[in-house]
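The block underneath contains the structure these notes are about, expressed in structure tokens.
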Amino acid sequence: MEVAAAYPSLSLLHLRSRKSSTHSSLSRLCPYKGLGCSAYNQAVLRNPYSSAQNGFQCITRKRVGFSWPNFDLKLNRRCYDIKFSRNVVVRSQLAGTGTPDAAYPLSELKLGSKVRGICFYAVTAVVAIFLIVLMLVGHPFVLLLDRYRRKFHHFIAKLWATLTVSPFLKLEIEGLENLPSSDTPAVYVSNHQSFLDIYTLLTLGKSFKFISKTGIFLFPVIGWAMSMMGVIPLKRMDSRSQLAQVSALHPLGFEIFIGFLV
Ligand SMILES: CCCCCCCCCCCCCCCC(=O)OC[C@@H](O)COP(=O)(O)O
């Protein structure tokens, strides 16, 4: 997973798994001097951890049969039809060769991985429910005292991310000194291999203004937190919305985080 921080010079932040091949964590920041998009492309291609060289994956979606209970009212008996198939997307930098065959259906995941995944979601939900209360209480003060950066909310988000991730992954952060200071306008761009980049970037504690598709704001608790943090909503199919939201940023300058899928 890579994050590019674009400010006067351009740096790449790499998010990689420390010990296993199943999850990614924040591990390496490689400074790369360059200007403009072409320089960025070169940086990605030439970097030893780049997706191009390692062939890390954006694995194509694989359809997996999934049974859903269905009620046949006439016969008053329960029957099971293959009604839908579910898309299971596996994206990992480290998992294999980058071919579609490397994707595997949910049903083939080991029990341990499933339990681990369920625990992850349980922890993140429980922690969010507690922390959202703090955010709600602090929100009026944040609007009065720190309307733009909202550092308090970002601190809460950092707590949420750290408490969620730390039982499951060990984060290693290298090269923090290469990041621009908080008062330097910068754009961070991630290739968004999975949602783990959001957690790992939140643990940095920087007041990124994330840009997010509008649908995510509808999630309970997380969506409310995003609104309070000032996450920028984006209607993806509407280029006017994209322009309007970015130009609405406060002229003092912000650090923006943009995630995109590769
Ligand atoms: C108290 C709890 C604190 C919670 C803090 C939550 C802060 C969350 C910051 C969220 C930033 C969300 C950025 C989302 C970026 C985005 O929009 O990604 C789109 C992808 O998904 C791809 O979607 P799709 O193509 O539809 O699969």
Side-chain angles (χ1 to χ4, degrees), residues 1-5 13 15 24 26 51 57-64 86-93 103 106 120-142 146 149-167 186-239 241-242 244-246 249 254-262:
M1 193 179 302
E2 296 162 341
V3 177
L13 184 68
L15 313 175
S24 60
L26 185 61
S51 58
Q57 300 146 310
C58 175
I59 295 169
T60 55
R61 290 166 192 244
K62 194 169 181 176
R63 296 185 81 75
V64 179
R86 280 210 157 165
N87 288 335
V88 176
V89 183
V90 180
R91 295 189 187 96
S92 167
Q93 175 176 4
L106 195 58
F120 184 94
Y121 283 115
V123 168
T124 208
V126 169
V127 172
I129 287 166
F130 279 102
L131 290 181
I132 196 74
V133 178
L134 287 180
M135 254 195 196
L136 285 166
V137 170
H139 195 53
F141 302 98
V142 168
D146 184 23
R149 295 204 185 277
R150 307 190 181 189
K151 285 183 187 165
F152 175 75
H153 289 337
H154 284 84
F155 174 71
I156 300 285
K158 176 182 176 173
L159 267 183
W160 171 70
T162 307
L163 291 173
T164 299
V165 168
S166 52
V187 178
Y188 293 79
V189 182
S190 163
N191 57 5
H192 203 32
Q193 290 272 292
S194 76
F195 62 88
L196 281 176
D197 57 354
I198 296 168
Y199 286 93
T200 47
L201 285 161
L202 284 173
T203 64
L204 292 177
K206 293 175 81 62
S207 298
F208 295 122
K209 290 297 168 197
F210 281 90
I211 295 178
S212 168
K213 65 177 183 180
T214 46
I216 300 179
F217 284 82
L218 301 176
F219 290 6
V221 183
I222 301 297
W224 309 336
M226 286 165 62
S227 299
M228 286 191 276
M229 288 168 70
V231 172
I232 302 165
L234 181 73
K235 290 180 194 154
R236 291 201 297 192
M237 306 315 275
D238 181 350
S239 54
S241 153
Q242 296 167 12
Q245 298 303 345
V246 174
L249 289 170
F254 278 115
E255 292 176 299
I256 312 175
F257 171 84
I258 301 173
F260 62 92
L261 298 175
V262 293

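In listed order, ligands and their atoms are each counted from 1.
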Does [Y] offer a backbone N or O that forms a donor-acceptor pair with the side chain of [X] under 3.5 Å?
X      : Y      : result
His154 : Phe208 : yes
Arg150 : Val142 : no
Trp160 : Thr124 : yes
Lys209 : Met229 : yes

Inset, instruction - Pick, from Phe208, Phe217, Trp160, the option with the minimum heavy-atom distance to atom 5 (C) of ligand 1. - result: Trp160

Inset, instruction - Between Val221 and ligand 1, find which residue part has any heavy-atom pair under 4.0 Å and reply side chain, backbone, both or neither. - result: neither

Legend entry - Under-4.0 Å heavy-atom contact with ligand 1, by part of Leu234 that carries it: neither

Legend entry - Phe152 ring center near Phe141 ring center (under 6.0 Å): no

Legend entry - Close aromatic pair by centroid cut-off 6.0 Å: Phe120 and Tyr199: yes

Run the numbers for me: atoms of ligand 1, each under 4.0 Å from some heavy atom of [X], listed by number.
X      : result
Phe210 : 11 (C)
Met229 : 5 (C), 7 (C)
Ser212 : 12 (C), 13 (C), 14 (C), 17 (O)
His192 : 18 (O), 19 (C), 20 (C), 21 (O)

Inset, instruction - Would you please determine whether His153 falls within less than 4.0 Å of ligand 1 on a heavy-atom basis? - result: no

